[in-house]
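To keep things clear, I will list the structure first and then write my remarks on it.
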Amino acid sequence: MAKNTKSKQKNRRLITAALPYINNVPHLGHIVGSHLPGDIFARYSRARGYETLYIGGTDENGSTSEIAAFKLNVPVEKFSDKLYKEHKKIYDWFEISYDNFSRTSKSIHHETVKEFFEVINKKGFIEKNKMKVFYSPTENMFLPDRYVVGECPKCGYPDASGDQCEKCTSVLDPSQLKNPKSTISGGKLEIRETEHLFLKLDSLSPKLKKWIQSNKYFREQVRSLAMGWINEGLKPRCITRDLKHGVKVPLKEFEKKVFYVWFDAPIGYVSSTKEITKEWEKFWKDEKSEVYNFLGKDNIPFHTIFWPGMVIAHGEFNLPKNVIGLQYLNYEGQKFSKSKGIGVFCERLPELKLEADIWRHYLTQVIPETSDSEFRWKDFQERVNSDLIGNYANFVNRVLNFIYTKLNGKITKPSAKDLQDIDKKLLKKIEEKRKSIEDLMEKAELRKAYSEILELSSEGNKYINDSEPWNVIKEDPKRANNIFYTSSFLLKNLAILFAPYLPKTSEKVWKQLNLEGSPCNPGAWEEAEKDFGKEHTINKPELLFKKIEDKEIEEYKKITSRGTDLNDLFK
RNA sequence: AGCGGGGUAGAGCAGCCUGGAGUGCUCGUCGGGCCCAUAACCCGGAGGUCGUGUGGUUCAAAUCCCACCCCCGCUACCA
């Protein structure tokens with residue numbers, strides 16, 4: 001008990017999921033690679049009594065959305081509005097519990113970025129420098145290197161990209177390309193020299209290094225990737241772009257430029273916090289607040305080097321306590337690809353009539369925590385039918401059903417002397433498991449924690465098998481009651497432990513158990529230690545899930561492999 | 001080519017960081033139990049020289065180090 005109060009007053013948590021670009025509709029890889037793990041951790045944190053905010057939003061600035069809109073021939077604003085809605089709809093469907101899901105196109109964000117910039121500029125961490133950039137007269141805009149191809153100066157290959165020729169593999173500088181052209185329009189490009197602003201990452205390097213090395217929460221991959229950057233030597237990083245769309249740079253000679261999207265996007269975490277609470281500074285600047293970032297592996301350098309560098313330069317914000325870099329999810333041995341129809345595209349999921357919790361259950365088990373993982377339909381079906389239904393849902397049902405039909409829906413608290421060894425052993429197991437699950441959760445080891453919970457559920461099935469209440473009840477109804485009082489206690493614990501992963505299911509179990517409140521409420525974790533009192537009546541049990549049949553899988557596969565064509569969205 | 005990940009029972013994985021008898025999970029398979037539960041649940045068996053080196057370190061290696069082989073991903077709008 002003392003432990004709980006301690007953790008309660010200890011900290012508050014600000015949890016973020018990387019802001020998705022909105023140049024496309026998200027697929028399962030996006031869900032499993034940041035939003036879902038962030039959500040589980042956020043839900044857990046709330047349940048443990050931490051004052052928690054889970055923050056997200058769409059990243060709408062930069063060339064990506066500008067070019068996507070250009071290709072569709074719609075105004076950027078219209079494009080962004082539509083895609084924001086598509087994103088939001090999907091995250092809501094998955095029960096992602098964002099406290100705020102904002103947009104970097106909002107004015108509050110633009111203001112926040114400018115303020116942030118002004119502070120680090122005043123502190124001397126910004127410098128000016130000239131840069132050569134491709135300009136496309138056809139599109140009337142400057143183009144990032146990745147939209148540029150040209151003739152390789154070494155082998156003459158006509159479609160060499162700016163950094164490397166894929167034919168002869170020689171490493172190139174974009175300015176070496178002959179006849180550079182735009183990959184969007186095919187139009188010819190010019191090189192123009194313009195002045196840009198740079199963040200002096202080099203001077204921040206010692207502090208970054210110290211922070212990375214001293215952070216004991218980072219997973220090995222995150223640390224080694226970050227240290228790789230440090231060891232290579234950090235260079236000043238350009239933070240401005242010649243684009244129309246984005247946050248305008250608040251300096252006289254730079255009025256026509258915007259901030260590079262990677263400068264403004266992480267500040268989106270701050271502006272999104274600001275948008276929902278006046279007390280936002282408490283979450284960002286108070287030493288009792290912890291920041292956790294969930295993101296895909298491509299984002300690791302930005303969250304371990306670039307953004308922390310900005311934070312150090314600014315001087316007032318907390319550095320992340322943990323940066324949880326997730327690897328990628330593949331699909332049946334292949335890469336997700338919308339154009340090839342390979343993958344599961346989220347906007348189709350509501351059509352399948354499978355609850356979000358079914359997906360959350362499976363996706364949790366394939367969160368790419370340590371290495372790339374695999375979505376397989378057969379695996380999906382198997383994990384749902386055996387773990388979720390055969391193990392957990394079956395335990396729920398056999399307990400509640402027995403109480404409802406054989407004990408008149410009532411359980412009575414056994415006196416301590418009536419507890420047998422087998423009961424005590426189970427109670428002890430619950431206690432132990434809860435502790436080890438807490439430890440894993442604190443380290444954001446979500447997969448491991450989940451399999452511990454499933455194991456505890458399996459213990460429940462074992463307990464019932466071993467104590468044979470269906471026989472016992474004939475001779476000793478009181479003993480049968482005791483068995484089910486204990487089983488129900490486990491059930492209640494399971495509902496709480498599962499709640500961050502399977503929120504709707506836990507609520508259903510809670511209701512069937514006829515308990516007050518919700519296992520998803522802040523602080524719900526503490527309920528786990530309370531029993532049902534002297535006497536308790538449960539509600540009529542109902543089945544939680546239906547097993548997935550082979551032929552359903554075939555159908556689902558077909559439906560979900562069709563991603564939305566952006567052209568159709570704007571017809 | 002560079003960078004990253006991986007090679008553990010018929011399949012898919014965990015274990016490796018922090019060395020301690022091949023331990024575990026899901027499925028399949030064989031046998032048994034049970035009949036409260038969604039043909040669910042429980043118990044037991046068979047099945048592995050932990051990619052290769054008759055390499056190194058160690059009392060002890062799946063785990064640490066070295067060399068080699070093989071797979072996959074990224075480097076190209078898409079976490």
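If you're wondering where the values come from, they're calculated on a predicted model, not measured in any experiment. Per chain, numbering begins at 1; letters A, B, ... match sequence-line order.
Counting non-hydrogen atoms under 4.0 angstrom, A:Ala393 reaches a base of the nucleic acid. A:Gly390 comes within contact range of the sugar-phosphate backbone alone, with a heavy-atom separation under 4.0 Å but no base atom that close. A:Ser34 comes within 4.0 angstrom of nothing in the nucleic acid, heavy atoms only. Within 4.0 Å (heavy atoms only), A:Asp59 reaches no atom of the nucleic acid at all. Residue A:Phe402 is in sugar-phosphate contact alone, with no base atom involved, counting any heavy-atom pair closer than 4.0 Å across all strands shown. Within 4.0 Å (heavy atoms only), A:Leu329 reaches at least one base atom of the nucleic acid. Contact annotation for A:Leu544: base contact, defined as any heavy-atom pair under 4.0 Å involving a base atom. Among the atoms of the strands shown, none is found under 4.0 Å from any heavy atom of A:Thr405. Here A:Lys546 lies out of heavy-atom contact (under 4.0 Å) with every strand. When heavy atoms are screened at a 4.0 angstrom cut-off, A:Asp387 is found touching the sugar-phosphate backbone but no base atom. At a threshold of 4.0 angstrom between heavy atoms, the contacts of A:Gly296 are confined to the sugar-phosphate backbone, with no base atom among them. Contact annotation for A:Asn401: backbone-only contact, meaning every heavy-atom pair under 4.0 Å involves sugar-phosphate atoms and none involves a base. Residue A:Lys462 is in sugar-phosphate contact alone, with no base atom involved, counting any heavy-atom pair closer than 4.0 Å across all strands shown.
Aromatic ring pairs are classed by plane angle as parallel below 30°, tilted from 30° to 60° and perpendicular above 60°; the pair A:Phe380 and A:Tyr362 is perpendicular. Using bins of under 30°, 30° to 60° and over 60° for the plane-to-plane angle, the ring pair A:Phe336/A:Tyr331 lands in the perpendicular bin.
The P atoms of B:C13 and B:C77 are separated by 29 Å, rounded to the nearest whole Å. With both ends at atom P, the span from B:C41 to B:G28 equals 10 Å, rounded to whole Å. Remark: the separation of the C1' atoms in B:A11 and B:G47 is 13 Å, to the nearest Å. Spacing of C1' atoms, B:G22 relative to B:U8, comes out at 9 Å, to the nearest Å. With P as the reference atom, B:C25 and B:A9 are 16 Å apart, rounded to whole Å. Using C1' as the reference atom, B:A39 and B:A60 are 48 Å apart when rounded to the nearest Å. Rounded to a whole angstrom, the distance from the C1' atom of B:G2 to that of B:A14 is 31 Å. Distance check on atom P: B:C16 versus B:U63 gives 12 Å, rounded to whole Å.
Counting heavy atoms from C-beta on, the side chains of A:Val344 and A:Trp377 come closer than 4.5 Å. Considering only heavy atoms from C-beta on, A:Glu552 comes within 4.5 Å of A:Lys546 through its side chain.
As a whole-Å value, the separation of A:Glu382 CD from B:U38 C1' is 17 Å. With rounding to whole Å, A:Arg398 atom CZ is found 12 Å from B:C35 atom P. In this structure, the CG atom of A:Asp466 is 7 Å from the P atom of B:C43, given to the nearest Å. Between the CG atom of A:Asp372 and the P atom of B:C74 there is a distance of 9 Å, given to the nearest Å. Nucleotide B:C17 holds its P atom 14 Å from the NZ atom of A:Lys443, rounded to whole Å. Atom P of nucleotide B:U26 and atom NE2 of A:His361 are separated by 12 Å, given to the nearest angstrom. Straight-line distance from the CD1 atom of A:Ile464 to the P atom of B:A40: 18 Å, rounded to whole Å. Here the P atom of nucleotide B:G15 and the CG atom of A:Leu440 are 12 Å apart, to the nearest Å.
In this structure, A:Ser386 does not reach the B:U26 phosphate: none of its side-chain N or O atoms is under 4.0 Å from OP1 or OP2. Close to B:C41, at under 4.0 Å from its OP1 or OP2, lies no side-chain N or O of A:Ser457. Between A:Lys378 and B:G12 there is no side-chain N or O to OP1 or OP2 distance below 4.0 Å.
In a base pair of the Watson-Crick type (N1 to N3 plus N6-O4 or O6-N4) or a G-U wobble (N1-O2 and O6-N3), with each distance short of 3.5 Å, B:U18 is matched with no nucleotide. Under the Watson-Crick or G-U wobble criterion, with both distances below 3.5 Å, B:A40 is left unpaired in every strand shown. Taking a pair to require two hydrogen-bonding distances under 3.5 Å in either a Watson-Crick or a G-U wobble arrangement, B:U75 pairs with B:A1. Base pairing annotation: B:C50 forms no Watson-Crick or G-U wobble pair, as no partner gives both donor-acceptor distances under 3.5 Å. For B:C13, the paired base is B:G24 (Watson-Crick or G-U wobble, both distances below 3.5 Å).
Nearer the 5' end of RNA chain B, as judged by each residue's closest nucleotide, is the contact made by A:Ser371, out of A:Leu326 and A:Ser371. Mapping A:Asp379 and A:Lys335 onto RNA chain B by nearest heavy atom places A:Asp379 at the nucleotide closer to the 5' end.
Distances were taken from every side-chain heavy atom of A:Lys406 (C-beta onward) to each of B:C36, B:C41, B:C78; the shortest belongs to B:C36. The side chain of A:Lys448 lies closest to B:G15 when the candidates are B:A40, B:C27, B:G15. Of the candidate nucleotides B:U26, B:A40, B:C41, B:C41 has the atom nearest to the side chain of A:Asn461. Closest to the A:Phe545 side chain, of the nucleotides B:U38, B:C35, B:C78, is B:U38.
No side-chain donor-acceptor contact under 3.5 Å links A:Asp423 and A:Thr486. Side-chain N/O atoms of A:Asp39 and A:Ser97 include a donor and acceptor closer than 3.5 Å. A donor-acceptor pair shorter than 3.5 Å can be found between the side chains of A:Tyr98 and A:His35.
By the 4.0 Å N-to-carboxylate-O rule, A:Lys425 lies too far from A:Asp421 to be salt-bridged with it.
Residue-to-nucleotide contacts include a donor-acceptor pair under 3.5 Å from the side chain of A:Asn465 to the base of B:C41.
Residue-nucleotide stacking is present for A:Trp470 and B:C36, judged by a side-chain ring centre under 5.5 Å from the six-membered base ring centre and planes under 30° apart.
In this structure a side-chain-to-backbone donor-acceptor pair under 3.5 Å is missing from A:Asn23 to A:Ala68.
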